[in-house]
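Worksheet: the structure to be examined is printed underneath.
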Amino acid sequence: MLPVGISFYTFQTMSYAVDLYRDKVDACDDFVDFGLYVAYFPQLVTGPIERASRLLPALRKARTFDIDQFSRGIGLILSGLVKKVDVADGVAALVSDVFSHEHPSGVEVAVGLVCFAVQIYGDFSGYSDIVRGVSKLLGIELMTNFRQPYFSPNPSEFWRRWHISLSSWLRDYLYIPLGGNRNGPRNTYRNLMLTMLLGGLWHGAAWNFVLWGAFQGGLLGIHRWLVGAAPESRPNNRWASPLKMLLFFAVTCYGWLLFRARSFEQIASMTSALFDTTSLAFRLGTPRLGAVVGILTLVPLEIAQFRSDEAAVYWRWPTFARGAFFAALIVALLLGLDNAPETFIYFQF
């Protein structure tokens with residue numbers, strides 16, 4: 001019964017009011033401009049959550065057609081469609097099978113959680129890419145909302161890469177005003193936990209989201225304690241970073257169980273199955289061909305983006321390589337058109 005996208009434009013309007021109070025932004029004296037800032041259609045439903053200091057000037061300035069920006073926008077839209085139509089929708093049926101099964105085996109739960117991690121990332125980051133691409137066509141630059149979060153070796157890094165507009169909003173308007181890390185370790189852990197609990201509640205008034213927020217707050221607190229307790233320098237190990245990434249990805253996938261489950265009983269049952277070494281049955285189907293091709297096409301791009309720390313790294317590739325990449329995206333998209341369409345996961349928030 002709530003208006004579509006209410007949590008996103010509520011946060012966006014709150015940030016305007018707070019920044020105005022803090023003298024970080026000038027008051028908007030044009031109701032149409034302000035209304036467009038609040039209800040800017042591409043990112044209205046699922047973000048990113050923009051700040052008035054960024055979006056209002058972009059909406060007010062004169063815009064002219066730019067072929068380079070237009071081309072980059074088309075590229076973002078295409079990659080976003082592959083993430084959503086091929087990857088996210090291609091594994092959605094498998095995820096639903098796991099979470100609708102009464103007693104899934106440990107192997108099925110593990111596969112289902114990895115697939116849900118793939119689904120929610122493809123779904124949400126795909127939407128963000130499409131939104132940024134559409135905005136580029138209009139001459140407006142929106143913030144990057146995802147930066148290869150599954151390459152994160154720890155929770156702090158993860159939240160600098162996942163849903164960046166929300167995590168930075170929570171930091172600037174909740175964590176720092178609560179005191180941040182200024183008043184000793186105990187208050188820092190409290191502030192981290194409160195921030196993530198409210199971040200969980202932002203996703204919905206359900207206990208599983210509260211539990212997911214508490215899980216994320218606990219991870220951030222434990223990581224902060226470990227960083228403070230660790231020695232200042234450690235020997236360099238070429239395998240340390242990949243192992244940390246792999247281990248934290250497993251922890252992240254378990255966190256998605258708390259996010260996706262709809263009851264404490266399901267969480268307990270699936271957690272128990274994960275640690276049951278005798279539970280090895282596998283009765284699931286396989287991902288659609290479009291999903292496999294989409295993943296094989298996008299994973300090398302994600303690795304290249306992570307290594308270069310550049311979102312549009314493919315624009316620096318030779319013309320032939322870039323053309324081949326876009327051709328592969330188009331082929332993958334065509335293969336995924338027979339996938340059953342799924343509503344964007346974050347539409348419900």
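Between Y127 and Y346 there is no side-chain heavy-atom pair separated by less than 4.5 Å.
No more than 12 heavy-atom neighbours from other residues, nucleotides or ligands sit within 6.0 angstrom of CZ on F275.
Tested against F8 for a ring pair (Phe, Tyr, Trp, His ring centres under 6.0 Å), the candidates F41, W202, W169, Y40 yield a single pass: W202. Each of F249, W162, F215 was scored for a ring pair (Phe, Tyr, Trp, His ring centres under 6.0 Å) with W256, with one residue passing: W162.
L296 shares a hydrophobic cluster with V292; the chain of contacts runs through ILVMFWY side chains whose heavy atoms sit under 4.5 Å apart. Applying the under-4.5 Å side-chain rule to Ile, Leu, Val, Met, Phe, Trp and Tyr, the cluster around L335 extends to L289, V293, V331.
Take A281 and apply the side-chain contact (heavy atoms from CB on, under 4.5 Å) test, not counting sequence neighbours, and it matches S105, R283. With sequence neighbours excluded, the residues satisfying side-chain contact (heavy atoms from CB on, under 4.5 Å) with A27 are Y16, L20.
In this structure, K84 forms a cation-pi arrangement with F344, its terminal cationic atom sitting closer than 6.0 Å to the ring centre and no more than 45° off the ring axis.
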- Message: Apply side-chain hydrogen bond (donor to acceptor under 3.5 Å, both in side chains) to residues T13 and Y37 and explain how you reach the verdict.
- Response: CA-CA 9 Å; T13 312; Y37 160 70; over 6 Å; no
- Query: Hey, mind stepping through N154 and S156 against side-chain hydrogen bond (donor to acceptor under 3.5 Å, both in side chains) and telling me if it holds?
  - Reply: CA-CA 6 Å; N154 58 64; S156 180; 4.5 Å; no
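Q216 and W159 share a side-chain donor-acceptor pair at under 3.5 Å.
In this structure, OG on S79 lies 11.0 Å from CD1 on I74, to the nearest 0.5 angstrom.
Residue pairs that meet the salt bridge (charged side-chain N to carboxylate O under 4.0 Å, His left out) test with at least one member in residues 329-346, sequence neighbours left out, are R288-D338. Residue pairs meeting the salt bridge (charged side-chain N to carboxylate O under 4.0 Å, His left out) criterion with at least one partner in residues 158-172, sequence neighbours excluded, are R51-D172, E157-R160, E157-R161.
Ring-plane geometry between W317 and Y314 is classed as perpendicular, the angle between the planes exceeding 60 degrees on a 0 to 90 degree scale with a lower cut at 30.
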